[in-house]
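A quick write-up on the structure given underneath.
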Amino acid sequence: MQDLFSKFMENAVRFEQDSRTIRVKYKLCVDKMDGIELHTVMEAMDVAGILDYSLAKAADLIIKHAITPAVSYGSPAMFAEDVNQGSEGISEAVLKILPSQDCKIVDVDGDAIYARVIQVIKFIFKHICFENGSWIRSFGRLTWPRISDIIISKFLSKVVPEDASKLVDFQKIVKCTSEFEFSLKEMMFLSASDGKDYRLSSFSENVEVHFAFRKKTEVLGKARNLLLQCDFSVPQDYTSKGPLLKNDGMAINSSNQVVDLIFSSERCVVSKAASQLMELVHQTLQDVCLSSARVAWEFYHAVRDAILLYEAVIPVKLERQLDSINQVAILMYNDCLFLSQEILGLAFEYRTDFPDSIKEHAVFADMAPRFHLMAEEILQRQIQIVIFNLREVIDGADGFQNTHQMQQFESAKFSIDQAVFILEKVHIIWEPLLRPSTYKRSMCMVLESVFSRITKDILLLDDLAAEETLQLQRLIHMMLDNLSSLLKSLISAFDSNEKSEEDTSRPIDDLIPSLRKIRKLGELLDMPLKSITSAWESGELMSCGFTILELKDFIRAIFADSTLRKECIWRIENVSLY
């Protein structure tokens, strides 16, 4: 019986190669049985329970010659239907397969492709299954796994986006794929209850998920690689001798490591790691604006994770460099400052273009304070390292005692020379890389620690010979002369930083209080007692930071006990009462 019905179906559904036509005959003739109606054969096969078996060859024929050309990506076939109708009704139905008019078509129109497939299935539904829901469902069970595989391999897999800018177009394909399967369900070609039938929707939706995950992994991989590979070198063409202001008339450095600080009038030099990391962040956020909500959410988290990788990778990688005076630590400080400001600007720049579902949930500002804090910690660590090194070399001066002795003078001079060397090294590293306001603030802090320490040590000396005071004066003048270029650089920083939030109108002596004091101390070392007393009475010494106790001890250390000394000390004490 199965063989007989198979012969009927072979007679009923045929493909004519020459005319590229699928022909369905309504009246069949097999083994001298003539005039058997196709509808009758279908009913008989259904009753016998062999519908699937008997339709197999017809299904193969239609899939091979109609479905596959319909979804061909590049030169899809077109279809034309025709019905031959006589006095006794329809005798046959014809589906002509027409080649595309343009062989160079690259068809990414899902609606058009699915419309052609539906046209073929409607032809089957009407002319083979006679609009019988049970029969078309049987035909669907038999053919859908293969049809869906063909659509995935011939069409969907070829239009999977490779970048986020194409995801919007792919969303249209996801939508029309869902609508296509819904149409097949309405025709009962697909089951309304079996979720496994919705293979195309599952594939297209999973493509989006896999794309998002792959891109997130790719972004984080790129971020980690550029952070690990960066050597934190200063660009070779960076030759700035002073500050980089955005509108200061200087030639703009071509290196992408010289960056604008978006909430400041200043520019600074950052590492390639920070520069390239933010380029990657901006590229990814541009993709967020072009993506569906699901993909955009993954990209948003990729951006946050990529930024936080800096905090996780760089401090560990550069731990040794952070414990010494070098350019790397300053570049890392600039990096953190740059990242903190860039992070604050991200929401302003991109949020309005984000998909609506993540606009209110996308937050970046919470990351900015941690980078600002890390920047300050790095800078303060560098300042403390410099101060510690300076204290160590000044300790070698042994409190500047007995400098009238050659050996002690040479020892003190060596300590002063070492301190100047360290300060010049810091000057060379800091000035080109730090913002003028930061350079000024940091260097003033370091100089204050040096000058105050040397002044304190000299004022603690309790018995000074005349030759000793001259040698101490010589050491002070030598140190200040050797630091003249450094002090000029601070004045330059003040002048160029007019747009800074800091007060630049204050003289340098106000920002380094001990500078005025040590200069005055150099004068006091060979000043007559009466002149010293007059300077106190006029308020000059007090304005330089001297206390009454320091001045009295200084006078006792230099001048022998006498009526004049007692008188001058009395005058100093007397002035202090008013």
Side-chain angles (χ1 to χ4, degrees), residues 234-235 238-253 255 257-271 274-275 278 325-345 368-387 423-451 483 485-516:
V234 176
Y238 182 68
T239 58
S240 173
K241 299 295 185 181
L244 281 174
L245 298 180
K246 295 176 186 176
N247 300 308
D248 62 355
M250 293 178 62
I252 298 298
N253 195 296
S255 172
Q257 290 179 244
V258 181
V259 297
D260 291 332
L261 297 174
I262 59 177
F263 295 107
S264 169
S265 62
E266 295 169 308
R267 297 160 64 87
C268 70
V269 184
V270 297
S271 70
S275 173
M278 285 314 301
I325 304 169
N326 55 60
Q327 291 179 331
V328 170
I330 301 305
L331 278 180
M332 187 174 169
Y333 163 78
N334 285 348
D335 282 359
C336 294
L337 184 69
F338 168 64
L339 291 174
S340 69
Q341 295 205 11
E342 286 290 308
I343 289 166
L344 287 174
R370 63 202 300 168
F371 281 95
H372 183 77
L373 179 61
M374 186 158 59
E376 285 304 312
E377 287 175 348
I378 293 167
L379 182 61
Q380 290 304 314
R381 186 173 176 179
Q382 279 289 291
I383 291 171
Q384 293 308 313
I385 289 171
V386 173
I387 291 174
L423 288 169
E424 279 299 333
K425 177 183 178 181
V426 173
H427 171 205
I428 291 169
I429 293 173
W430 285 7
E431 186 184 15
L433 299 181
L434 288 174
R435 297 179 302 156
S437 58
T438 305
Y439 169 68
K440 172 185 66 175
R441 171 168 56 90
S442 304
M443 187 57 79
C444 286
M445 192 180 303
V446 168
L447 290 172
E448 176 63 22
S449 73
V450 174
F451 296 151
L483 291 175
S485 64
L486 190 158
L487 295 172
K488 286 179 181 177
S489 74
L490 292 174
I491 295 171
S492 175
F494 300 156
D495 294 341
S496 64
N497 198 36
E498 293 176 357
K499 297 181 183 180
S500 169
E501 67 279 3
E502 296 188 24
D503 180 9
T504 59
S505 63
R506 298 170 62 193
I508 188 172
D509 288 355
D510 285 354
L511 294 160
I512 312 174
S514 59
L515 175 58
R516 182 185 286 116

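As the structure is a computational prediction, the values presented were derived from the model and not from experiment. Scope of the values below: all heavy atoms of this structure, side chains included, with no hydrogens, waters or symmetry mates.
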Over all atoms of both residues, closest heavy-atom pair of Asn334 and Leu434: OD1-CD2, 4.1 Å

Inter-residue atom distance Lys425.NZ - Asn326.CG, 0.5 Å rounding: 7.5 Å

For Ile262 against Gln341, the heavy-atom pair lying closest together: CD1-O, 3.1 Å

Residue pairs involving residues 378-387 (criterion salt bridge (charged side-chain N to carboxylate O under 4.0 Å, His left out); sequence neighbours excluded): Glu319-Arg381, Asp323-Arg381

Those residues that, when tested against Glu377, pass side chain to side chain contact (heavy atoms under 4.5 Å, CB included) (two or more places apart): Leu373

Non-neighbouring partners of Arg370 that pass salt bridge (charged side-chain N to carboxylate O under 4.0 Å, His left out), sequence neighbours left out: Glu311

Contacts of Gln384 that satisfy side-chain hydrogen bond (donor to acceptor under 3.5 Å, both in side chains) - sequence neighbours left out: none

Leu331: side chain to side chain contact (heavy atoms under 4.5 Å, CB included) partners, not counting sequence neighbours: Phe232, Val234, Val269

Value rounded to 0.5 Å, distance of CD1 in Ile508 from CG in Leu487: 5.0 Å

Asp335 side-chain N/O to Phe338 backbone N/O, donor-acceptor pair under 3.5 Å: no

CG-CD distance between Leu337 and Glu266, expressed to the nearest 0.5 angstrom: 9.0 Å

Partners passing side chain to side chain contact (heavy atoms under 4.5 Å, CB included) against Ile383 (at least two apart in sequence or in another chain): Leu379, Gln380, Ile387, Trp430, Ser442, Met445, Val446

Minimal non-hydrogen separation, Ala368 against Ile343, with atom names: N-CG2, 3.8 Å

Test side chain to side chain contact (heavy atoms under 4.5 Å, CB included) applied to Cys268 and Val259, step by step: CA-CA 6 Å; Cys268 70; Val259 297; 4.1 Å; yes

Closest approach of Lys440 to Leu490 (non-hydrogen atoms, all atoms of both residues): CA-CD2, 4.0 Å

Side chains of Val426 and Leu486 in contact at under 4.5 Å (non-hydrogen atoms): no

Distance in Å, Met443 CE paired with Leu511 CG, rounded so as to fall on 0.5 Å steps: 13.5 Å

Atom of Ala329, atom of Ile378 and distance for their closest heavy-atom approach: O-CG2, 3.4 Å

Contact check, side chains of Tyr333 and Glu376, non-hydrogen atoms, under 4.5 Å: yes

Side-chain donor-acceptor contact under 3.5 Å, Glu448 with Ser514: yes

Smallest separation among heavy atoms of Arg435 and Arg267, with atom names: CG-O, 4.1 Å

Side chain to side chain contact (heavy atoms under 4.5 Å, CB included) between Glu424 and Ser485, worked out: CA-CA 9 Å; Glu424 279 299 333; Ser485 64; 3.3 Å; yes

Nearest-0.5 Å distance, OG of residue Ser271 to CD of residue Gln327: 12.5 Å

Side chain to side chain, Leu515 and Leu447, heavy atoms closer than 4.5 Å: no

